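Everything on this sheet refers to the single structure shown next.
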Amino acid sequence: MSYNILIVDDEQSIVTLLQYNLEQGGFHVSTAMDGKTAFEKAKDQAFDLIILDLMLPEMDGLEVCKQLRQSKVMTPILMLTAKDDEFDKVLGLELGADDYLTKPFSPREVVARVRAILRRSHSTKAEKEETAPEKIAIGDVDIYPENYEVFLKGEALELTPKEFELLLYLANNKGRVLTRDQLLNAVWNYEFVGDTRIVDVHVSHLREKIEPNTKKPIYIKTIRGLGYKLEAPQ
């Protein structure tokens with residue numbers, strides 16, 4: 001199967017480098033040099049993954065990511081940033097990016113990260129279609145693994161692919177304390193260089209969507225010094 005990748009960066013040298021290495025790896029590649037063009041392409045064409053630079057003309061990467069998610073485009077996004085700025089990384093993840101890399105990076109690292117994201121997103125979906133129960137109900141939250149849908153009190157929730165996978169993994173391990181490293185490896189399917197902040201960001205975002213009061217969560221509990229666990233409200 002040939003995956004379609006959209007590379008978005010305003011530096012021609014980076015686009016050329018990534019395109020060459022991805023095509024050598026068997027991927028089909030399209031490119032865009034500014035955010036507005038990228039948004040239109042991603043909205044109108046079916047891509048398996050988007051490599052999206054943060055700093056772009058016309059529309060920056062954060063805005064592209066935000067508008068794609070608002071347009072119900074849930075294609076996995078690997079965000080690139082030249083800044084070693086935790087705020088940018090976290091904000092990108094909160095807006096719906098699935099992963100990020102800080103420049104400079106090696107082409108081999110990008111290809112490996114792309115393969116990991118695609119492997120996880122496609123194999124997980126296939127596995128769930130074969131083995132997942134029709135519905136997982138926890139309190140007022142109903143999860144439909146086959147359809148990648150979540151409802152709270154009958155109202156559909158808009159989750160990013162990674163938010164859904166994290167919630168589903170927590171639900172499948174209901175009542176168990178899961179460390180951040182366990183969640184990182186299970187949901188992202190590889191070592192994320194020990195950066196467990198990505199887990200905290202996604203848990204925070206999930207809480208905003210399912211918890212009646214994020215300051216006193218009744219579903220996703222923080223286990224101090226260990227990690228998180230999902231349980232039904234009492």
Side-chain angles (χ1 to χ4, degrees), residues 1-42 45-65 68-69 73-93 95-125 160-162 165 181 184-199 201-202:
M1 179 179 180
S2 179
Y3 292 111
N4 294 314
I5 310 294
L6 175 62
I7 299 172
V8 188
D9 200 300
D10 62 338
E11 295 183 54
Q12 185 60 59
S13 59
I14 290 179
V15 172
T16 301
L17 181 66
L18 290 177
Q19 182 171 7
Y20 173 79
N21 282 274
L22 286 166
E23 288 179 343
Q24 288 295 108
F27 297 101
H28 182 270
V29 175
S30 298
T31 65
M33 302 290 288
D34 65 80
K36 186 177 179 181
T37 301
F39 173 71
E40 294 300 329
K41 281 191 174 186
Q45 300 177 42
F47 293 100
D48 295 290
L49 184 140
I50 301 167
I51 299 176
L52 180 65
D53 188 38
L54 181 66
M55 304 300 292
L56 293 167
E58 302 290 336
M59 184 189 300
D60 67 34
L62 294 176
E63 187 63 24
V64 172
C65 184
L68 285 175
R69 295 312 188 221
V73 177
M74 294 302 175
T75 307
I77 293 174
L78 171 60
M79 187 164 281
L80 306 179
T81 172
K83 301 177 180 179
D84 190 16
D85 187 342
E86 188 68 20
F87 174 78
D88 282 338
K89 297 171 184 176
V90 171
L91 181 57
L93 295 170
L95 291 175
D98 296 86
D99 198 351
Y100 64 80
L101 274 176
T102 302
K103 298 177 181 178
F105 47 74
S106 71
R108 180 177 295 180
E109 182 181 12
V110 175
V111 173
R113 195 67 65 88
V114 165
R115 290 191 189 281
I117 296 171
L118 290 171
R119 183 171 60 248
R120 183 64 185 174
S121 63
H122 286 267
S123 67
T124 300
K125 186 174 182 179
T160 67
K162 276 293 176 285
E165 290 176 22
D181 284 328
L184 197 61
N185 293 331
V187 176
W188 282 265
N189 206 32
Y190 54 90
E191 292 291 341
F192 201 83
V193 199
D195 189 356
T196 55
R197 180 65 194 275
I198 189 173
V199 176
V201 167
H202 281 71

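Just the heavy atoms: all of them, side chains too, but no hydrogens, waters or symmetry mates, feed the values below. Everything quoted here is computed from the prediction, not taken from an experiment.
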Query - Separation between CG of L80 and OH of Y100, rounded to the nearest 0.5 Å - result: 12.5 Å
Query - Nearest heavy atoms of A97 and C65, plus distance in Å - result: N-SG, 3.4 Å
Query raised in the report: Where do D9 and M33 land on the side-chain contact (heavy atoms from CB on, under 4.5 Å) test, with the steps shown first?
Result: CA-CA 5 Å; D9 200 300; M33 302 290 288; over 6 Å; no
**Report entry** Salt-bridge contact E11-K103 (side-chain N to carboxylate O under 4.0 Å)
**Finding:** yes
Query raised in the report: Has the side chain of D48 got a donor or acceptor atom that lies under 3.5 Å from a matching backbone atom of Y3?
Result: no
**Report entry** Side-chain donor/acceptor of N185 to backbone N/O of D181, under 3.5 Å
**Finding:** yes
Requested in this report: Please report the closest heavy-atom contact between D98 and P161, naming both atoms and the distance.
Outcome: OD2-CB, 4.1 Å
Query raised in the report: Atom NE2 in H202, atom CZ in R197: separation rounded to 0.5 Å?
Result: 12.0 Å
Query raised in the report: Please walk me through it: do V15 and Y20 pass side-chain contact (heavy atoms from CB on, under 4.5 Å)?
Result: CA-CA 8 Å; V15 172; Y20 173 79; over 6 Å; no
Report task. For N4 and S30, run side-chain contact (heavy atoms from CB on, under 4.5 Å): C-alpha distance rounded to whole Å, both residues' side-chain angles, the deciding distance at 0.1 Å, then the answer. Result -> CA-CA 8 Å; N4 294 314; S30 298; over 6 Å; no
Requested in this report: Look only at the side chain of K41 and the backbone of T31, and say whether a donor-acceptor pair between them is shorter than 3.5 Å.
Outcome: yes
Query - Within-4.5 Å side-chain heavy-atom neighbours: L52 and L78 - result: no
Requested in this report: Answer whether the closest heavy-atom distance between the side chains of V8 and D53 falls below 4.5 Å.
Outcome: no
**Report entry** Note, M79 side chain near L62 side chain (heavy atom, < 4.5 Å)
**Finding:** yes
**Report entry** Test item: F27 and V114 side chains (from C-beta on) under 4.5 Å apart, heavy atoms
**Finding:** yes
Query raised in the report: Any side-chain heavy atom of T37 sitting closer than 4.5 Å to one from E58?
Result: no
Requested in this report: Indicate the atoms forming the closest heavy-atom contact of K36 with M59, along with that distance.
Outcome: N-CB, 3.9 Å
Query raised in the report: Nearest heavy-atom pair of A42 and V73: which atoms, and what distance?
Result: O-CG1, 3.9 Å
Query raised in the report: Just how far is it from atom OG1 of T160 to atom CD of E165, taken to the nearest 0.5 Å?
Result: 8.5 Å
Query raised in the report: Do the non-hydrogen side-chain atoms of T75 and L68 ever get within less than 4.5 Å of each other?
Result: no
Query - R115 side chain to G25 backbone, donor-acceptor under 3.5 Å - result: yes
Query - V110 and I51: CA distance, side-chain angles, deciding distance, side-chain contact (heavy atoms from CB on, under 4.5 Å) verdict - result: CA-CA 9 Å; V110 175; I51 299 176; 4.1 Å; yes
**Report entry** Electrostatic pair E109:R113 at N-O distance under 4.0 angstrom
**Finding:** yes
Query raised in the report: Looking only at heavy atoms, what is the nearest atom pair of A38 and L6, with distance?
Result: O-CD2, 4.0 Å
Query raised in the report: With a 4.5 Å limit on heavy-atom distance, are the side chains of E63 and L56 in contact?
Result: no
